[in-house]
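As the structure is a computational prediction, the values presented were derived from the model and not from experiment. Letters A, B, ... mirror the listed sequences (proteins, then strands); counts begin at 1.
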There are 2 protein chains.
Amino acid sequence: MNALTPMSEATAVLSDRPVLPDHPLFAGLTRSDAEIIAATLVPHVFKDEEIIRFDGTPDQLIGIVRSGAVAHDIRAADKITTVGLHLAGDLLSHSGPRTASVMAVAVDRTEILGCTMQEFNALLARFPRLQLNYLDLVTAELQATRDWYTLLGRKTATERVATLILRLSRQPRAPEDPVIDLLLTRERIGSLLGIKMETVSRQIRAFAKAGVIALFSPTKIAVLDPTALVDATGDIWRENAAL
Amino acid sequence: MNALTPMSEATAVLSDRPVLPDHPLFAGLTRSDAEIIAATLVPHVFKDEEIIRFDGTPDQLIGIVRSGAVAHDIRAADKITTVGLHLAGDLLSHSGPRTASVMAVAVDRTEILGCTMQEFNALLARFPRLQLNYLDLVTAELQATRDWYTLLGRKTATERVATLILRLSRQPRAPEDPVIDLLLTRERIGSLLGIKMETVSRQIRAFAKAGVIALFSPTKIAVLDPTALVDATGDIWRENAAL
DNA sequence: CGACTTGTTGACCTAGCTCAACAATAGTGG
DNA sequence: CCACTATTGTTGAGCTAGGTCAACAAGTCG
């Protein structure tokens, strides 16, 4: 194995001796442990709109989103409600006992480094350090989920859209590339943010008109005025916190 | 130790050989493990409005709410926003890296069986089964949090109030006692649900007028028509799921 | 009993929903 | 490559749930 191989890119292609990506889930593991874990976690690639097993059964997928995104939809009767979004770097964890029939769907071409819940449980049982890391991540996600949704519930449409754009703007992408792909249609953005498609459109256009963002195509944007965008999220306390 | 002592009540008073409450966190533990754990977890009693250490530091409290409730508040400048509520039976878990300065406050007289995060981490490291149970609970909470907030973001005021009442109505209380204590003022309910005090009042009164609930005093109610209340939550898919 | 907090109710006002028309894209088959 | 269709996005004109403001009632506590 070439020690200089960039970890962030080449994990998938080296099948003989795979490398774990640089992710907090794998922090502090010994080299040998990491190798065993890396042998279990394999890249899963999904096409746009492809359904990802995420139903709480032992066969469900657990892992880290490497690229693309995973949308969590509730499909009731005729209409789809998107209730969550996992982006690159996020952990797709145990889905727990479902009260709603949420399904995970790939957005864009999506790569997930992972394994089945069953296999993952075995790893957790075998490597206490992994379990510790995992617990930390789930806890952090719980926190993030609280923050995200708590606020959604009391934000205006403008604030919600700004929050989403901000979140997407923080996604890893090619250095110096200012273009952000919203990935989602207006319809899905609205669904995710609990507002209507038309309102999403109006808000995005308003940001463009105000010079806060540049709008290249409906889904391709660039943030021109990050400060204004942060202000528009309405998150007062973020001023104090390290973002 | 008297084997007939009701577990739900007497945990606190028996200091020589404490008993763990019947809670999923302690499922499947051997008797001796349970005894060691029970020796670490002590009842903490808080008065109404008392602040509970819940700041992500090693000294923060981790444990199970036995009675009363814990509100999570963001106190910015002059006004308090309640962003979450833990009721009896809920687990107060690691609070994770805080992005906002949320503080935990006791609502009513509140009893929590727990210990510091530091002590709890030691227990987790020592008892794998406990760690497994804990992970399950945190995962479940993540799920519940998603469900709760996700929906809040897209519910009407009526649906939000119905959802809260329903949740409170499912709290353990004296058998055959139909009276539910809302615990919170209209102001705090509104804050929790992301709506205004006046709207909360209007919704509650509307339910009372419609005969869905009985209103004995502003905070003491009884559910007269559970079906109507469930309908009013607007949770379509709950029909399919075991509640 | 008075002062203070909490709750109720009414009259307005506004953000965002609804409905509707139309524009811009993206496929798709010829 | 174009015409044809379907999807997605934009924009305007009302409408309504819930916010805002304000007055008052009802607890509650010294």
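Atom-to-atom, CD1 of B:Ile189 to P of C:dG7 comes out at 7 Å; the value is rounded to the nearest Å. Distance, A:Lys155 NZ to C:dA15 P: 18 Å, rounded to whole Å. Spacing between atom CZ of A:Phe216 and atom C1' of D:dG9 amounts to 18 Å, rounded to whole angstrom units. In this structure, B:Asp48 places its CG atom 14 Å from C1' of C:dT5, rounding to the nearest Å. The distance from atom CZ of B:Arg186 to atom P of D:dG19 is 15 Å, rounded to the nearest whole Å. Between the CD atom of B:Glu49 and the P atom of C:dT5 there is a distance of 13 Å, given to the nearest Å. Following rounding to the nearest Å, B:Leu182 (CG) and C:dT6 (P) show an atom-to-atom distance of 15 Å. Taking atom CG of A:Leu215 as the reference point, atom C1' of D:dG9 lies 10 Å away to the nearest angstrom.
A:Leu184 and A:Thr219 make their closest contact through O-CG2, 3.7 Å (heavy atoms, listed as atom of the first residue, atom of the second, distance). Across all their heavy atoms, B:Ile51 and B:Met103 have their closest contact at CD1-CE, 4.1 Å. For the pair B:Gly211 and B:Leu224, the tightest heavy-atom approach, listed with the atom from each and the gap, is O-CB, 3.4 Å.
Nearest to the side chain of B:Thr156, among C:dT8, D:dT8, D:dG18, sits D:dG18.
Side-chain contact, B:Thr116 with B:Asp59: no donor N or O sits under 3.5 Å from an acceptor N or O.
Test A:Leu92, A:Asp90, A:Leu91 against A:Ile64 for side chain to side chain contact (heavy atoms under 4.5 Å, CB included) and you get one pass: A:Leu91.
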Could you go through residues 194-209 of chain A and list every donor-acceptor pair under 3.5 Å that involves a side-chain atom there, pairing it with any protein atom two or more places apart or in another chain?
| from | atom 1 | to | atom 2 | distance (Å) |
| --- | --- | --- | --- | --- |
| A:Gln203 | OE1 | A:Thr158 | OG1 | 2.9 |

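Only B:Gly194, B:Ile195, B:Lys196, B:Glu198, B:Thr199, B:Arg202, listed by number, bring a heavy atom of residues 193-214 of chain B to less than 4.0 angstrom from any atom of DNA chain D.
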